[in-house]
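See structure below.
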Amino acid sequence: MGENASFWESLIYAHPTCTTWKQEAEGSIYHLASILFVVGFMGGSGFFGLLYVFSLLGLGFLCSSVWAWLDVCAADIFSWNFALFTICFVQFIYVTYQVRSVAFDREFQELYSALFQPLGISLTVYRKIVLCCDAEVITLEKEHCYAMQGKTPIDKLSLLVSGRIRVTVDGEFLHYIFPLQFLDSPEWDSLRPTEEGIFQVTLTAETDCRYVAWRRKKLYLLFAKHRFISRLFSILIGSDIAEKLYALNDRVHVGQGFRYDIRLPNFYHVALPETPPVQPSHHSHHLQRGSPCRKPTGVTNCSSFLTPS
């Protein structure tokens with residue numbers, strides 16, 4: 001204990017105390033460096049936040065190096081500040097390269113800003129998603145079909161970027177698909193990774209459309225590597241199916257002219273017990289996903305009781 005006490009005493013009291021303080025202030029370069037440090041440490045997170053922090057801190061250390069070389073004339077102070085300036089400069093170049101490596105085309109950038117950025121998805125994660133679809137936006141001309149009922153296999157998941165898609169079954173209109181909605185989310189959710197199926201609806205472009213498509217096998221491999229992306233798509237697809245279900249709500253009717261509200265299936269069966277159960281419709285396959293609705297008796301899928309008027 002005595003040795004430790006003597007060590008701390010020598011560390012604290014070995015140096016002479018300041019009996020007189022300098023009357024004049026340090027030069028403007030020193031104060032500029034201090035201001036740059038204060039402003040630099042106010043930076044945020046993310047790539048651009050890092051660019052902000054490293055750029056201002058680097059300038060601050062550079063000013064401190066100039067101040068140590070010209071005013072203080074201390075080689076050790078200059079060396080430390082210049083070394084820290086070099087580190088900040090290297091970090092700035094590295095972050096700049098990373099930002100450039102995750103740059104996207106205009107449509108992918110708009111898709112990120114509208115759909116993924118509000119969910120807090122970083123550019124690095126979004127880059128993995130974009131690379132999975134080969135960074136390609138596909139064009140679908142007006143009145144061309146994305147899928148045909150009973151013919152087109154379910155082998156991909158697509159997200160509409162622009163335009164409008166009309167969904168029909170046996171020539172009867174069901175609903176529209178608008179930008180930032182999945183084209184085939186119900187079909188995707190209805191199949192397991194090892195299963196195969198075909199579309200039970202026809203999807204036709206009402207205008208010139210642009211969409212992004214992920215191949216099933218390639219997307220499932222991405223999910224296996226990154227569970228976070230798997231959970232992200234699960235949330236996006238679930239929300240998309242719920243929107244499609246509610247879009248059909250005003251078109252769904254049952255016998256005796258009663259309107260069927262898909263949000264209150266159990267209440268309907270209690271209020272009208274004499275109404276015969278609705279048979280599952282063969283064209284409701286386009287809306288059979290895991291939406292958060294409650295299933296009536298005898299129905300194994302949330303959307304299997306939907307029948308357009």
Side-chain angles (χ1 to χ4, degrees), residues 47 99-148 151-167 174-191 193 196-199 201-244 247 286-287 289-290:
F47 285 112
V99 171
R100 183 175 181 179
S101 66
V102 295
F104 307 104
D105 295 336
R106 180 183 59 84
E107 289 175 305
F108 281 107
Q109 187 62 45
E110 292 176 354
L111 179 61
Y112 174 75
S113 301
L115 186 62
F116 292 93
Q117 189 175 26
L119 298 177
I121 307 303
S122 65
L123 287 173
T124 52
V125 174
Y126 182 62
R127 181 172 180 267
K128 295 182 176 66
I129 297 173
V130 172
L131 291 178
C132 186
C133 68
D134 298 326
E136 181 182 5
V137 181
I138 305 172
T139 300
L140 184 65
E141 297 180 357
K142 183 178 180 180
E143 296 303 326
H144 284 212
C145 290
Y146 170 82
M148 298 186 66
K151 296 181 179 180
T152 306
I154 305 171
D155 58 357
K156 58 188 174 182
L157 176 67
S158 301
L159 180 67
L160 188 63
V161 176
S162 63
R164 186 173 67 177
I165 299 290
R166 181 177 66 252
V167 182
L174 290 180
H175 63 88
Y176 286 115
I177 298 176
F178 298 99
L180 302 183
Q181 291 185 336
F182 288 98
L183 275 67
D184 40 17
S185 54
E187 287 78 13
W188 171 274
D189 191 69
S190 66
L191 298 177
E196 297 181 356
I198 57 175
F199 279 84
V201 293
T202 298
L203 280 70
T204 308
E206 278 219 334
T207 62
D208 290 338
C209 300
R210 301 268 288 171
Y211 67 92
V212 178
W214 294 272
R215 291 292 174 182
R216 284 179 61 88
K217 293 183 179 180
K218 198 171 183 180
L219 191 55
Y220 274 124
L221 288 175
L222 181 66
F223 290 168
K225 294 179 180 178
H226 305 281
R227 298 299 300 274
F228 173 76
I229 298 179
S230 175
R231 292 192 295 268
L232 169 65
F233 269 80
S234 179
I235 294 172
L236 291 175
I237 294 173
S239 175
D240 185 80
I241 293 230
E243 291 180 3
K244 289 181 172 64
H286 188 67
L287 293 172
R289 242 202 69 230

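Just so you know, these numbers use all the heavy atoms, side chains as well, and skip hydrogens, waters and symmetry mates.
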For Thr207, check side-chain hydrogen bond (donor to acceptor under 3.5 Å, both in side chains) against everything at least two apart and list the hits. none
Result of checking Thr202, Asp184, Thr204 against Tyr146 for side-chain hydrogen bond (donor to acceptor under 3.5 Å, both in side chains): Asp184
Please step through side chain to side chain contact (heavy atoms under 4.5 Å, CB included) for the pair Leu232 and Ile129, ending with a clear verdict. CA-CA 11 Å; Leu232 169 65; Ile129 297 173; 3.9 Å; yes
Can you pull the salt bridge (charged side-chain N to carboxylate O under 4.0 Å, His left out) pairs that have at least one residue in residues 156-167, sequence neighbours excluded? Glu143-Arg166, Arg164-Glu206, Arg166-Glu206
Would you say the side-chain atoms of Thr139 and Arg210 include a donor-acceptor pair closer than 3.5 Å? yes
Is the shortest heavy-atom distance from the side chain of Leu222 to the side chain of His226 under 4.5 Å? yes
Donor-acceptor pair, Ser190 side chain versus Glu187 backbone, under 3.5 Å? yes
Kindly say whether Gln109 contributes a backbone atom to a donor-acceptor pair with the side chain of Ser113 at under 3.5 angstrom? yes
Using the test side-chain hydrogen bond (donor to acceptor under 3.5 Å, both in side chains), find all partners of Tyr126 that sit at least two apart in sequence or belong to another chain. none
Please identify each residue that fulfils side-chain hydrogen bond (donor to acceptor under 3.5 Å, both in side chains) with Arg215, with sequence neighbours left out. Asp155
Suppose we screen for side-chain hydrogen bond (donor to acceptor under 3.5 Å, both in side chains). Which residues come up paired with Arg106, at least two apart in sequence or across chains? Glu110
Is there a side-chain contact between Leu236 and Phe182 (heavy atoms, below 4.5 Å)? yes
What one should report as the nearest heavy-atom pair of Cys209 and Ile165 is SG-CD1, 3.7 Å
Not counting sequence neighbours, which residues clear ring pair (Phe, Tyr, Trp, His ring centres under 6.0 Å) with Phe108? List them please. none
Would you say the side-chain atoms of Asp208 pair up with the backbone N or O of Glu141, donor to acceptor, closer than 3.5 Å? no
Is the backbone N or O of Met148 less than 3.5 Å from a side-chain atom of Thr152, with the two atoms forming a donor-acceptor pair by type? yes
If you count heavy atoms of other groups shown closer than 6.0 angstrom to NZ of Lys142, is the number above 12? no
Is the number of heavy atoms from other residues, nucleotides or ligands under 6.0 Å of Lys128 NZ greater than 12? yes
Is the shortest heavy-atom distance from the side chain of Val161 to the side chain of Pro179 under 4.5 Å? no
